[in-house]
Amino acid sequence: MRGQTPSQTIGPFFSHALTAGTTAYRPLVCSDLTDEALEGKPIRLEGRVVDGDGKAVSDGMVEIWQANAGGKYRPDSGFRGFGRSGTDASGRFRFETVKPGPAAPDAAPHVHLAVFARGMLNHAFTRMYFSDESEANRTDPVLGSVPADRRETLVAQRRDGEAVYDFEIVLQGKRETVFFDA
Amino acid sequence: MKTTLLRPRDWNSQPRQAHSDYKSTLRRSQSQPLVSLPPGSGEHVGPLFGPHDALAAHADLTRNASASGEAIGERIIVAGRVLEEDGRPLRDALVEVWQANAAGRYAHERDQHDAPLDPNFLGAGHVLTDSEGRYRFTTIRPGAYPWRNHANAWRPAHIHFSVFGRAFAQRLVTQMYFPGDPLLPLDPIYNATADEAARVRLVAGFSQRLTEPEWALGYTFDIVLRGSAATPMED
């Protein structure tokens, strides 16, 4: 057996290569997944990454991975289900995508996230569930395995009358988002 | 959906998340225990990339974003394989790299280090591995640069790597260092991985085989991701 390569921080200077790009260089992935989606309801995921003091993480990166509207990962249709966004001066990120379907009969719809930043030697995995799926959220086995008083950190709140979900990622402290040993 | 049962992350090979010598970890490292996921979770499958996604030109950072000529600096070749722990090569694995230029400055608006930018070097590229998991970049040896972590702090020369396996849970972002760099024993990021045997996996090897006469020095850097827990099936 070979040993695993250690993780190292993404550092502060990656946006020209990984997220924003430049006129001379375009990264392979972006924050808009709707072009490749053949079915499903377009939604917007908006969020913010903050540190243990509640300060905006303005040099972070968030990646999302999800099933399609039918609950399938890597469907034949070409929906890659993967996106990437940098965080701005207020720590904000944003994705345009479609709402994933449940991937298993007892699972609630959810999006997988990985958070990277200067000061994070390993990236952190979390999940985003939807506030308008409260019935399904009650039976989801992963949500059920999370301590009840921390479950809310995984639920994005739908804005009234809009297909927009707000999600805050707190890296550290009492309000820390639940992170997984994925 | 084909999910893989993955071996766990080997935390002995990984850096500790809170490392007081690296100041930025103090408010950004997690303080609560990680929650385990059941086998078959969606994290154990991941996005696929194919040859149509990558431009071959972006494997050569000395030319891929140049304004009018070749980048300045010591030309190098960096090549290796992306493997799982059991040695299985990963085909069509997306490898992205980014780095400072020869003077130790990133082409990034927030990098204010008093060193020249090179209009012919952006320091960003990507490539997909071949059927044997091999990748290869041509680039410029990056310079060391100062940072404000502690008094007279300098990062050793390094190239950042972002790697995708078959599963989202295999995702890896890391840094490759150069052999014999006197800054390595002083660098809190490199030394955040306590286990020396694991830490040295971040240091590339000089390779005479990869070195091209009258052209460029060669370095090898293999990247090992978590592997399957069961005996893998042949595709």
Side-chain angles (χ1 to χ4, degrees), chain A residues 1-18 21-22 24-25 27-29 51-53 55 57 59 63 65-67 72-74 80-82 103-104 110 112 114 116-125 141-142 145-146 150 171-173 176 178-182, chain B residues 1 8-10 13-15 17 19 24-25 27-32 34-38 41-43 45-49 53-54 64-65 83 85-87 94 96 98 106-108 110-111 122 124 126 160 162 168-169 171-175 189 192-193 197-199 201-202 223-226:
Chain A
M1 292 291 282
R2 291 157 199 262
Q4 294 173 14
T5 302
S7 170
Q8 295 273 267
T9 179
I10 196 169
F13 303 134
F14 57 82
S15 61
H16 57 301
L18 300 185
T22 70
Y25 186 81
L28 288 184
V29 287
D51 70 10
D53 292 330
K55 282 198 195 125
V57 171
D59 53 3
E63 289 181 342
W65 159 242
Q66 64 168 91
K72 282 192 85 147
Y73 292 93
R74 310 205 291 216
R80 179 139 60 199
F82 180 78
H110 60 272
H112 309 276
F116 305 78
R118 167 179 63 84
M120 295 178 75
L121 286 156
N122 300 279
H123 57 273
F125 288 110
V142 171
S145 75
V146 169
R150 299 187 65 206
L171 292 182
Q172 187 190 78
E176 183 173 315
V178 168
F179 295 105
F180 294 100
D181 194 5
Chain B
M1 175 175 79
R9 269 195 273 186
D10 170 18
S13 288
Q14 300 301 333
Q17 191 71 339
H19 181 50
S24 295
T25 66
R27 291 291 175 265
R28 291 180 168 195
S29 57
Q30 286 60 73
S31 52
Q32 308 274 351
L34 300 181
V35 174
S36 297
L37 285 169
S41 294
E43 285 84 352
V45 50
L48 295 178
F49 297 91
D53 289 315
N64 72 329
L83 305 164
E85 288 162 281
D86 55 9
L94 174 61
E96 297 166 289
W98 69 102
Y106 288 86
H108 187 286
R110 289 196 211 166
D111 186 353
L122 175 66
H126 61 251
H160 295 267
S162 154
F168 191 52
R171 191 84 179 80
L172 178 72
V173 168
T174 190
Q175 301 181 24
I189 295 180
T193 302
R199 195 162 65 229
R201 290 178 209 134
L202 297 173
I223 297 156
V224 180
L225 306 180
R226 297 159 63 181

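Naming convention: chains lettered A, B, ... in sequence-line order (proteins, then strands); numbering from 1 in each chain.
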Engineer: Between Val29(A) and chain B, with a heavy-atom cut-off of 4.5 Å, which part of the residue counts as in contact: side chain, backbone, both or neither?
Structural biologist: side chain
Engineer: Please identify, among Asn122(A), Val142(A), Leu171(A), Leu18(A), the residue contributing the most non-hydrogen atom pairs under 4.5 Å to chain B.
Structural biologist: Asn122(A)
Engineer: Assign the ring pair Phe168(B) / Phe125(A) to parallel, tilted or perpendicular, where the plane angle (0 to 90°) is split at 30° and 60°.
Structural biologist: perpendicular
Engineer: Please enumerate all residues that pass side chain to side chain donor-acceptor pair (under 3.5 Å) together with Arg201(B), with sequence neighbours excluded.
Structural biologist: Ser13(B)
Engineer: What class does the angle between the rings of Trp98(B) and Phe14(A) fall in, given that below 30° is parallel, 30 to 60° is tilted and above 60° is perpendicular?
Structural biologist: perpendicular
Engineer: Taking the side chain as everything from C-beta on, heavy atoms only, tell me whether Leu121(A) gets closer than 4.5 Å to Gln14(B).
Structural biologist: no
Engineer: Are Phe49(B) and His126(B) an aromatic pair, judged by ring center distance below 6.0 Å?
Structural biologist: no
Engineer: Where does Ala114(A) contact chain B at under 4.5 Å (heavy atoms): side chain, backbone, both or neither?
Structural biologist: both
Engineer: Is it the backbone or the side chain of Glu63(A) that comes under 4.5 Å from a heavy atom of chain B, or both, or neither?
Structural biologist: both
Engineer: If you tally heavy-atom pairs under 4.5 Å against chain A, which of Pro8(B), Ala169(B), Pro47(B) wins?
Structural biologist: Pro47(B)
Engineer: Using non-hydrogen atoms and a 4.5 Å limit, figure out which bit of Pro38(B) sits close to chain A: side chain, backbone, both or neither.
Structural biologist: side chain
Engineer: Counting only non-hydrogen atoms closer than 4.5 Å, does Thr193(B) touch chain A with its backbone (N, CA, C, O), its side chain (CB onward), both, or neither?
Structural biologist: side chain
Engineer: Out of Gly46(B), Ser24(B), Ala197(B), which one racks up the most heavy-atom pairs below 4.5 Å with chain A?
Structural biologist: Gly46(B)
Engineer: Parallel, tilted or perpendicular for Tyr106(B) and Phe13(A), by the 30°/60° rule?
Structural biologist: tilted
Engineer: Would you call Arg80(A) and Leu48(B) a side-chain contact if the rule is heavy atoms closer than 4.5 Å?
Structural biologist: no
Engineer: Supply the atom-to-atom distance Phe179(A) CZ to His123(A) NE2, rounded to the nearest 0.5 angstrom.
Structural biologist: 11.5 Å
Engineer: For Gln32(B), is it the side chain, the backbone, both or neither that has a heavy atom under 4.5 Å from a heavy atom of chain A?
Structural biologist: both
Engineer: Are Tyr73(A) and Trp65(A) near enough that their ring centres are under 6.0 Å apart?
Structural biologist: yes
Engineer: Would you name the heavy atoms of Thr9(A) and Gln175(B) that are closest together and state the gap between them?
Structural biologist: O-NE2, 3.0 Å
Engineer: Contact between Glu85(B) and Arg226(B) at the side-chain level, heavy atoms closer than 4.5 Å - yes or no?
Structural biologist: yes
Engineer: Is Thr22(A) in contact with chain B via its backbone, its side chain, both, or neither, using a 4.5 Å heavy-atom distance?
Structural biologist: side chain
Engineer: Let me know if Ser29(B) has heavy atoms under 4.5 Å from chain A in its side chain, its backbone, both or neither.
Structural biologist: both
Engineer: Which region of Phe116(A), side chain (C-beta onward) or backbone (N, CA, C, O), has a non-hydrogen atom less than 4.5 Å from a non-hydrogen atom of chain B, or is it both or neither?
Structural biologist: side chain
Engineer: Find the one option among Val178(A), Asp53(A), Asp181(A) whose heavy-atom pairs under 4.5 Å with chain B are most numerous.
Structural biologist: Asp181(A)
Engineer: Heavy-atom pairs under 4.5 Å with chain B - which of Pro6(A), Gly52(A), Ala17(A) has more of them than the others?
Structural biologist: Pro6(A)
Engineer: Side chain from CB out, backbone as N, CA, C, O: work out which of these in Pro141(A) comes under 4.5 Å of a heavy atom of chain B, or both, or neither.
Structural biologist: neither
Engineer: Where is the tightest heavy-atom contact between Ala124(A) and Met120(A), given as atom of each residue plus distance?
Structural biologist: CB-CE, 3.7 Å
Engineer: When heavy-atom pairs shorter than 4.5 Å are enumerated against chain A, which of Asp53(B), Val173(B), Val35(B) gives the highest number?
Structural biologist: Val35(B)
Engineer: Between Glu96(B), Arg199(B), His19(B), which has the largest tally of heavy atom pairs under 4.5 Å with chain A?
Structural biologist: Glu96(B)
Engineer: Checking heavy atoms, do the side chain of Glu176(A), its backbone, both or neither come under 4.5 Å from chain B?
Structural biologist: side chain
Engineer: Looking at chain A, which one of Ala65(B), Ser31(B), Ala107(B) has the largest number of heavy-atom pairs inside 4.5 Å, strictly under?
Structural biologist: Ser31(B)
